[in-house]
Structure formats: structure tokens, C-alpha cells
Amino acid sequence: MSDKVTEVEQHGIAPIPVAEQTSRPRDLFRLAFGGANTFATIILGTLPIAYGLSFWAALAATVVGVVLGALVLSPMALFGPITRTNNAVSSGAHFGVVGRCVGSFLSLLTAITFFAISVWVSGDAVAGAAQRLFGIDGGPVLRAVAYGVIAIAVLVVCIYGYRFMLLVNRVAVTLGTLIMLVGIFAYGGSFDPSFTGSGNFALGTFWPTWILAVLTVMANPISFGAFLGDWSRYIPATHSRRSLLAAPFLAQLATLLPFGFGIATATLVADPADYVTGLTAISPLWYAIPLIVVALIGGLSTGTTALYGTGLDFSSIFPRLSRVRATLLIGTLSVLFIFVGNFVLDMVSSINAFATLIVLCTSPWMVIMMIGYVQRRGYYDPADLQVFNEGRTGGRYWFHRGVNWRAMAAWIPATALGLLCANTPMITGPLAGIAGGVDISLVVTLCTAAVAYPVLVKVFPEPREVFGPSSAIAAEAVPAEA
């Protein structure tokens, strides 16, 4: 497959030919870990410290957030090998071939957020390291140039497509890991695990702030939910479910390395809210160049994994846009967000707000997908999933005018209730104080989706043709809807 690395990928969201499903679960591991083994994850790791937590409290919140997020994420790898398309299109089996646009919206939200984080922190790290090495204080101009260069590089990789991304992530996994481990020698002498934190908790008291940190960390694994199918569609369905579940789960556990790097080094900088500038200021000169490498490779890795899938998906919603044109459009919008967020708004607060939206909007969508997968016993019709993309109507996933109202009637209230209960610095719902200030928004949104969807399907059975021939539920189902 190496001869295809420098060829522009021609596949859109149409089913990948079975003959070209040549990847393996370990390739999925590389992409999922490579996309998170970056400065973007390091930045998320610094936020619990910026919220005022001690080192050990921040570490505990991070471990809990990563493990919970990985458990929610892992089943999203099961769809691609069967449907041979991305997860947004696959969700048409449960939300309807038109209702699957919910998944497209979620992938757009995630792509803009993590593309912006990757370019922002990578650009700031490059600018800061250049100042340390060469004494150049380029200010906003140097940062703007760095943002532009990294954004262009990300767009180029995304345009070439999956094989090029796989190559970049192979490099990112190895090189990024080595350089972060070398960071032990760069900062180990100054690190103090007894760091008690500022005590100025973001939400006033410890437990609400600790829960906020857990939710912030969970945004990282959950953000991959809409994208796992972009890569797993290249894996043959003959691979075991266990290996498909294990690949993203282990990849997220491996992200404890960049998370840990962020937590530990955030205790050393003067202002954790201005982490990148502070880190470059305290870095030994010999570590400045490796820091640039981590920033550049990591920016490419995170940016491409986020942007590639959204360009892929939007090319199906807007037929006039090819995958390449859709990628360029979303990339341009993301760059505008970077400049506005960095030079006009508070970037850290903006990231916190988007992270909250990602968790509360995407997690119930994922729960509905997982429940649907179990109910259908993994049965999907790849051809009928493409009805909307091909400008047709009908098929087994048409439901009512292309929308399965049962799934929508579960997702909308679950998301709304989660937002109503949210308690974060940027998003505070009217029910934020319902549990004494502790943010229970994730529990509410997950439980609502997990209860509402099965109940609605039981009371209002889905059409029998959406189920496989071996499904017991099919016997209770009804004829096709109008």
C-alpha cells in the first residue's frame, strides 16, 4: 500500500470495496493514539491544574475521565467494518438516512474544536520555542504565521487522505512518545508531586471542580466517536469484535502519557491558563527543538484526524462539494475560529465550552448507536445506508421521510437535559445547582438516552426490515413506515 501514500484518496463515503479493506485493528490503534498523542491532549491535561486542583486530584480526575470516555468510545469501532462507511452515515440505520445529519453536525463541532486546538497550541509552541532559541519576539505576527503554516500542512495531509494520515500517525506515535519521555529529564528535577494547587477552584469548591475536570478530559476520547468509522471502514469485518473494541480502548489508555505530561508540567509554569508560553519559558534550551517537533507532528496528527472525517462527511451532504473541496471549506472556517478565538476571545474558555458541547451532544448519540447495534445484532445494509447520499428516497432506513423519530425523540431530550444541568465556567444551565453544584449533566444525558430509546422502540416498534433475519426483535416489528 506504500505506493498509494502520495496519491490523493478517491474514496468518499460510498462503501469501501471489500478488496481494499486491508487495514488491521492495530492501524486503528495508531490513528486513535496518534491523533491524541499530541499537544492538544497535553493542553487538556493542563486544564484540571488551571481549574485549581492539586496534582493528585488532577491525575485522579484524568484517569477517571480517560477510562470512562474510552468505555463509551470503544463500541463505535464496530460499525465501519460492516457498513464500510463512516459513523455519521452508519448512524442512518438508527436515526434515518436523513436524520444521520445529526452525526454530521457532531463531527463538524468536534473537527472545528480539535483542529483549532491543534493549530493553536502548535503555533504558540513554535513561536515560543523560536523566541527561546533565537531571541525572536515576533508577537502576534509570528504566531499568526505559525498558525497559517501548520493549518496548511494539515489541509495537505487531509487532501491526500487515509494512507497519508496513517503514515503521519505512525511517525507521530513513535516520535511524540519518545520526546515526551525525554521530557522527564527536562523537567523532572523541578517537578514536585506534592503540588497542592492554587485552591482557587474554577467552580468555587472542590467536588464540582473535580467533576468539571473529569468531563473536560472525557471530551478527548468521546471526540473520536464520530470519527472511528472513518478509519475502521478500511478494516475487514472478519476481524473479531474483541480486537475492534480493544484498539480504541487501549489507544485512549495510552493517552495518559500526554495527559500526564500536561498535568505534571502545568504545576511548573507560572500561569497554567497561559500554559504554552509558560512551558517554553521554563524549558531547557536543549529541549526547545524537540518541543517544536512535538508541536508540529502533533498538530498534524490531531488536525488531520479531526478534519479528514468532516470533509469526508460534508461532501455527502452537499453533493456539489467533493471530499477535497469540503475539506478546504471546513478547514478555512476552522482557521477563522482559531484567529477569532486567540486574538479576540478567551481561547481556554472557548475550548471549555466546546468540550462541554462535544460531551453532552455526542455521548447520547453514541449510546443510541450502541443500543441500536445490539438490537440489530450488528446487521446493516451498506447499500440502503447510501440512499440520501445518492439523492434517492426509500430503502429499509427511510423510516418517516428519512428520519427515525424514535432516535431523535431520545437524543434531543437527552442533550437538552444535559445542557440544562451543565455547570461549567462558560455553560451554566438553570438546573446547575440541582445536585449541590456538582455537574451531573453527563449522568443525566447518558441515562436519558439509555432509557428513552429502548422504551420508545418497545412502545413504537421499528419497521421489521431494519433488523437482521436472526433478530428476535424483528418478530415484534411493524411494516415499513410511510
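All heavy atoms count here, side chains included; hydrogens, waters and symmetry mates do not.
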Exercise for the section: Run the salt-bridge test on Glu20 and Arg233 with the 4.0 Å N-O cut-off and return the result as yes or no. Expected result: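 No, Glu20 and Arg233 are not salt-bridged.
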Does the side chain of [X] reach to within under 4.5 Å of the side chain of [Y], using non-hydrogen atoms?
X	Y	result
Asp384	Glu465	no
Val98	Arg401	no
Leu245	Arg242	no
Asp27	Trp231	no
Leu228	Pro248	yes
Pro221	Val66	no
Thr83	Val89	no
Phe95	Cys101	no

Exercise for the section: Only counting residues at least two apart or in another chain, list the ones meeting side-chain contact (heavy atoms from CB on, under 4.5 Å) with Thr415. Expected result: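 side-chain contact (heavy atoms from CB on, under 4.5 Å) list for Thr415, sorted by chain: Cys361, Pro364, Trp411, Leu419.
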Which distance, rounded to the nearest 0.5 Å, do you find between the [atom1] of [X] and the [atom2] of [Y]?
X	Y	atom1	atom2	result
Leu442	Ile222	CG	CD1	6.0 Å
Phe206	Phe201	CZ	CZ	6.5 Å
Ser104	Leu109	OG	CG	12.5 Å
Thr356	Ile427	OG1	CD1	5.0 Å
Leu420	Leu360	CG	CG	10.5 Å
Ile358	Leu106	CD1	CG	9.5 Å

Of all heavy-atom pairs between [X] and [Y], which one has the smallest distance, and what is that distance?
X	Y	result
Ile440	Ala435	CG2-CB, 3.7 Å
Leu212	Ala202	CD2-CB, 4.2 Å
Ser54	Ile49	O-CD1, 3.9 Å
Ser441	Gly418	CB-O, 3.0 Å
Ala452	Ala410	CB-CB, 3.9 Å
Ile368	Ala449	CG1-CB, 4.4 Å

Practice task
Would you please test Glu462 and Arg376 for salt bridge (Lys or Arg N to Asp or Glu O under 4.0 Å) and show each step?
Solution key: CA-CA 11 Å; Glu462 294 177 329; Arg376 312 285 175 81; 3.1 Å; yes
Problem - Tyr234 vs Arg24, side chain to side chain contact (heavy atoms under 4.5 Å, CB included): CA-CA, chis, key distance, verdict - result: CA-CA 8 Å; Tyr234 280 95; Arg24 291 164 290 183; over 6 Å; no
Handout entry: Check: His94 ring centroid to Tyr380 ring centroid under 6.0 Å
Key =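 Yes - the distance between ring centres of His94 and Tyr380 falls below the 6.0 Å cut-off.
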Practice task
Tell me whether the centres of the aromatic rings in Phe79 and Tyr373 are closer together than 6.0 Å.
Solution key: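 Close enough - the centres of the two rings lie under 6.0 Å apart.
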Problem - Verdict with supporting geometry, Met366 and Asn87, side chain to side chain contact (heavy atoms under 4.5 Å, CB included) - result: CA-CA 10 Å; Met366 293 163 68; Asn87 279 353; over 6 Å; no
Exercise for the section: Show the numbers, then the answer: is there a side chain to side chain contact (heavy atoms under 4.5 Å, CB included) between Leu203 and Tyr51? Expected result: CA-CA 8 Å; Leu203 295 180; Tyr51 294 160; over 6 Å; no
Here's a test for you: under side chain to side chain contact (heavy atoms under 4.5 Å, CB included), which of [options] qualifies with [X]?
X	options	result
Phe33	Leu253, Leu250, Leu28, Thr177	Thr177
Tyr453	Ile371, Thr448, Val367	Ile371
Tyr397	Val387, Asp381, Asn404	Asp381

Problem - Atom CZ of Arg392 with >12 non-hydrogen neighbours under 6.0 angstrom - result: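 Enclosed.
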Handout entry: Test log, rule side chain to side chain donor-acceptor pair (under 3.5 Å), inputs Asn37 and Arg30
Key = CA-CA 10 Å; Asn37 192 35; Arg30 288 193 186 106; over 6 Å; no
Handout entry: Working for side chain to side chain contact (heavy atoms under 4.5 Å, CB included), residues Tyr275 and Leu47
Key = CA-CA 9 Å; Tyr275 171 76; Leu47 293 182; over 6 Å; no
Handout entry: Ring geometry between Trp207 and Trp210 (parallel below 30°, tilted from 30 to 60°, perpendicular above 60°)
Key =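 Answer is perpendicular, since the angle exceeds 60°.
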Practice task
Scan side-chain atoms only and decide if Ser240 and Ser243 contain a donor-acceptor pair under the 3.5 Å cut-off.
Solution key: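 Side chains of Ser240 and Ser243: pair found under 3.5 Å.
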Practice task
Please confirm whether the backbone N or O of Ser107 pairs with a side-chain atom of Thr110, one donor and one acceptor, at under 3.5 Å?
Solution key: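 Checked: no pair found.
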